[in-house]
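Just below is one structure, and these are the notes that go with it.
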Amino acid sequence: MVVRKWIGYAKKTQAEAYRTHISETVFPEVRLMPGFRQALLLAREVKETASDEVEFQALTFWQDMASVHAFSGDDLYTAVIEPRAQEVLSRFQTKVEYYEALECVFPIET
């Protein structure tokens with residue numbers, strides 16, 4: 001399994017707008033793509049600087065790199081950032097990172 005990681009930042013006043021965009025627009029489209037397995041949107045307030053921002057990490061899980069092409073196109077390492085997301089984000093990575101998921105552990109159901 002392949003994990004695709006991207007990071008973006010929004011001012012606290014725009015954080016909810018970004019979360020809404022992801023949950024109502026991006027994730028519903030992504031979940032229909034062949035090879036898509038899972039997505040997580042992580043958020044935390046940035047306290048290291050006086051930027052008054054929320055950091056978002058988007059992790060998407062794919063069957064293999066071939067599956068990622070449906071989402072990212074031919075340039076696998078350039079971030080896909082829709083115009084609406086660009087409007088509410090204060091800054092973002094223009095490149096993404098990929099990781100190989102070596103192990104995945106789930107609780108035992110009883």
Side-chain angles (χ1 to χ4, degrees):
M1 185 175 353
V2 175
V3 181
R4 185 177 193 269
K5 176 182 152 187
W6 172 85
I7 300 174
Y9 300 84
K11 296 290 184 190
K12 286 182 185 178
T13 58
Q14 294 293 318
E16 185 60 25
Y18 180 70
R19 189 202 62 77
T20 299
H21 169 70
I22 291 297
S23 65
E24 293 181 0
T25 304
V26 177
F27 283 172
E29 292 174 7
V30 171
R31 73 185 314 189
L32 300 175
M33 294 183 174
F36 171 77
R37 294 293 175 251
Q38 182 178 355
L40 294 173
L41 181 64
L42 308 175
R44 72 178 183 103
E45 287 188 24
V46 178
K47 298 191 184 293
E48 294 83 23
T49 65
S51 61
D52 195 38
E53 290 178 314
V54 174
E55 174 187 302
F56 290 98
Q57 288 194 29
L59 303 174
T60 52
F61 297 74
W62 301 88
Q63 179 177 326
D64 51 34
M65 287 302 287
S67 302
V68 176
H69 281 280
F71 176 70
S72 65
D74 291 332
D75 189 354
L76 293 173
Y77 291 92
T78 296
V80 177
I81 305 156
E82 295 183 345
R84 175 63 182 141
Q86 292 183 33
E87 290 174 9
V88 297
L89 292 170
S90 53
R91 59 192 172 104
F92 49 83
Q93 291 181 334
T94 58
K95 297 293 183 183
V96 298
E97 298 174 323
Y98 292 95
Y99 298 85
E100 179 182 2
L102 300 177
E103 294 189 39
C104 188
V105 179
F106 296 97
I108 297 172
E109 294 187 29
T110 56

Decide yes or no for L41 and F56: does some side-chain heavy atom of the first lie under 4.5 Å from some side-chain heavy atom of the second?
-> yes

Shortest non-hydrogen contact between I22 and P28, atoms and distance | O-CD, 3.9 Å

Between Y9 and R91, is there a cation-pi geometry (under 6.0 Å to ring centre, at most 45° from the normal)?
-> yes

In one Ile/Leu/Val/Met/Phe/Trp/Tyr side-chain cluster, 4.5 Å: M65, F36 | yes

Expected output: side-chain E55 to main-chain A43 donor-acceptor under 3.5 Å | no

Residue of the set E82, R84, E16 for which side-chain hydrogen bond (donor to acceptor under 3.5 Å, both in side chains) holds with H21 | E82

Considering only heavy atoms from C-beta outward, does the side chain of V68 approach that of Y98 to under 4.5 Å?
-> yes

Same apolar cluster (I L V M F W Y, side chains within < 4.5 Å links), W62/V80 | yes

Are I81 and L42 connected, step by step, through hydrophobic side chains (Ile, Leu, Val, Met, Phe, Trp, Tyr) whose heavy atoms are closer than 4.5 Å?
-> no

Taking it one step at a time, do R37 and S67 satisfy side chain to side chain contact (heavy atoms under 4.5 Å, CB included)?
-> CA-CA 10 Å; R37 294 293 175 251; S67 302; over 6 Å; no

Any chance you could lay out the side chain to side chain contact (heavy atoms under 4.5 Å, CB included) test for K5 and Y99, step after step, and finish with the verdict?
-> CA-CA 8 Å; K5 176 182 152 187; Y99 298 85; 3.9 Å; yes

Test item: Q93 side-chain N/O and I7 main-chain N/O as donor-acceptor pair under 3.5 Å = yes

Find out if a path of hydrophobic residues (ILVMFWY) with successive side-chain heavy-atom gaps under 4.5 Å connects V2 to L59.
-> no

Same cluster for M1 and V96 if Ile/Leu/Val/Met/Phe/Trp/Tyr side chains link at under 4.5 Å?
-> no

Identify which one of E53, Q14, K11 satisfies the side-chain hydrogen bond (donor to acceptor under 3.5 Å, both in side chains) criterion when paired with S90.
-> E53

How long is the span from the CD atom in Q57 to the CD atom in E97, to the nearest 0.5 Å?
-> 9.0 Å

What distance separates R4 CZ from Y77 OH, expressed to the nearest 0.5 Å?
-> 10.5 Å

With distance as the sole criterion, is a donor-acceptor pair present between the side chains of T60 and Q38 under 3.5 Å?
-> no

Decide yes or no for L40 and F61: does some side-chain heavy atom of the first lie under 4.5 Å from some side-chain heavy atom of the second?
-> yes

